[in-house]
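These notes concern the structure reproduced below.
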2 protein chains.
Amino acid sequence: MGKHRHDDHSHGHTDVPLDALKDKLRAGSRKITGPRQAILDVLRRESHPLTNREILQHLGHEECDLATIYRSMHLLGALGLVRKYDFGDGIARFELVRGDDETHHHHLICTACATVVEIDECFPTALEQTIAAQSGFSKLTHKLEFFGVCPKCQ
Amino acid sequence: MGKHRHDDHSHGHTDVPLDALKDKLRAGSRKITGPRQAILDVLRRESHPLTNREILQHLGHEECDLATIYRSMHLLGALGLVRKYDFGDGIARFELVRGDDETHHHHLICTACATVVEIDECFPTALEQTIAAQSGFSKLTHKLEFFGVCPKCQ
DNA sequence: CTGGTTGCAAACAATTTGCAACCCA
DNA sequence: TGGGTTGCAAATTGTTTGCAACCAG
């Protein structure tokens, strides 16, 4: 609806998601709707995890309903287009999965001003395998976030 | 109230908390009340993080109100007697801090049956310092939990 | 046309809070 | 006695869901 959108096929750089969306959605006989594209657009512009409410604010209440955002995030998450994060405040945050697959990374959040910094240091997968071996568990995953006080807030 | 309680001073083993509680509470001019001791007792018996609601069930609704448990957990957490965990389901869980200080550990949760296994493998503190150095952040902390499918559920 | 989607409002669930009665120190 | 505490109920807030109107394919 009344909002500019990347209908051009001139993919700037890491903008795979739009097409990935179409493919994956089609695979599940789901539809490519306005709200879904709008949400992806918001996520594509932001580099840090967003709250559902934040996504709503970026869109404007007229463009999409909060319930729709919740439902969309479930879907996008299941399709692997979006990843859910937990910053310890009990509010779900979502970030676009840029690379095709394992763009696995973590965040460093300032406990004072909530600034978020991306952490490239990936958690030692070796250790994860050790744990798997010792416990007998399979399909190991982990959630890891760092907290601290950023330079400005110290 | 009509419920047995450890009024005896025969500390079995790792039962520092009871005294630690008294000391720390006194330090803040707080009171050692029945509900607080009862909650600590429950936590002392359990080896895994408990939900506030689970704590309530262990106590019985007559012994302590849910709101009191929430308030107590805030207090106990601030005093460092209890540690809060996040298993990804948006429900806070609390575990007694056994050792005096850094009993820092993590958990491995089965995504099928919710079984919890304690993980001794502590996260490399060295890496945390590297992150601190690179980011300029101070007072680094981290939250880390593992997920997988336990042997029985595979 | 038609089944997946959306908006809106009601339903839920975890957590918080106001306030009068209550109790540890 | 008195200020910290508790119980109870109401209020908040994040998230889910029922349902009729809608729209992409």
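By convention in this document, chain letters (A, B, ...) are assigned in the order of the sequence lines, proteins followed by strands, and residues within each chain are numbered from 1.
Legend: residues meeting salt bridge (charged side-chain N to carboxylate O under 4.0 Å, His left out) with B/Asp65, ordered by chain and number and at least two apart, are absent. Residues forming a ring-ring contact (aromatic ring centres under 6.0 Å, His included) with A/Phe146 (at least two apart in sequence, or on another chain): B/Phe123. Shown here are the salt bridge (charged side-chain N to carboxylate O under 4.0 Å, His left out) partners of B/Arg36, two or more places apart in sequence or in another chain: there are none. Not counting sequence neighbours, B/Phe147 has no partner by the ring-ring contact (aromatic ring centres under 6.0 Å, His included) test.
For the pair A/Met73 CE and D/dG14 P, the computed distance is 16 Å after rounding to whole Å. One atom, CD of B/Glu63, and another, C1' of D/dT5, lie 15 Å apart when rounded to the nearest Å. What separates CG of B/Leu76 from C1' of D/dT6 is a distance of 15 Å, to the nearest Å. Note: CD1 (B/Ile69) to C1' (D/dC8) measures 14 Å, nearest angstrom. Following rounding to the nearest Å, A/Ile32 (CD1) and C/dT5 (C1') show an atom-to-atom distance of 13 Å. Residue A/Leu75 contributes atom CG, which lies 15 Å from atom C1' of D/dA24 at whole-angstrom precision. The interatomic distance linking A/Leu25 (CG) with C/dT6 (C1') rounds to 15 Å, in whole Å. To the nearest angstrom, C1' of C/dC8 lies 14 Å from NE2 of A/His61.
The neighbour count for B/Lys84 NZ, taken as heavy atoms of other residues, nucleotides or ligands under 6.0 Å away, does not exceed 12.
For the side chain to side chain contact (heavy atoms under 4.5 Å, CB included) criterion with B/Leu21, the lone passing option out of B/Leu25, B/Asp19, B/Leu18 is B/Leu25.
Side-chain N/O atoms of A/Thr33 include none lying less than 4.0 angstrom from OP1 or OP2 on D/dC23. Applying the 4.0 Å criterion to OP1 and OP2 of D/dG7, one finds that B/Thr68 has a side-chain N or O inside that range.
For the pair A/Glu95 (side chain) and A/Arg83 (backbone), a donor-acceptor distance under 3.5 Å is absent.
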Step by step, work out the side-chain hydrogen bond (donor to acceptor under 3.5 Å, both in side chains) result for B/His48 and B/Glu54. CA-CA 11 Å; B/His48 295 317; B/Glu54 292 174 331; over 6 Å; no
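Taken together, the paired segments of DNA chain D that extend over three or more consecutive Watson-Crick or G-U pairs, each closer than 3.5 Å at both contacts, are C:1-14 with D:12-25, C:16-25 with D:1-10.
When each of C/dT5, D/dT6, D/dT5 is scored by its nearest atom to the side-chain atoms of B/Arg30, the top-ranked nucleotide is D/dT5.
One finds the NZ atom of A/Lys143 at 15.5 Å from the NE2 atom of B/His106 (value rounded to the nearest 0.5 Å).
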Protein within reach of the bases, or only the backbone? For nucleotides 9-17 of chain C, mark each nucleotide 5' to 3' as B, S or -, using heavy atoms under 4.0 Å. B----SBBB
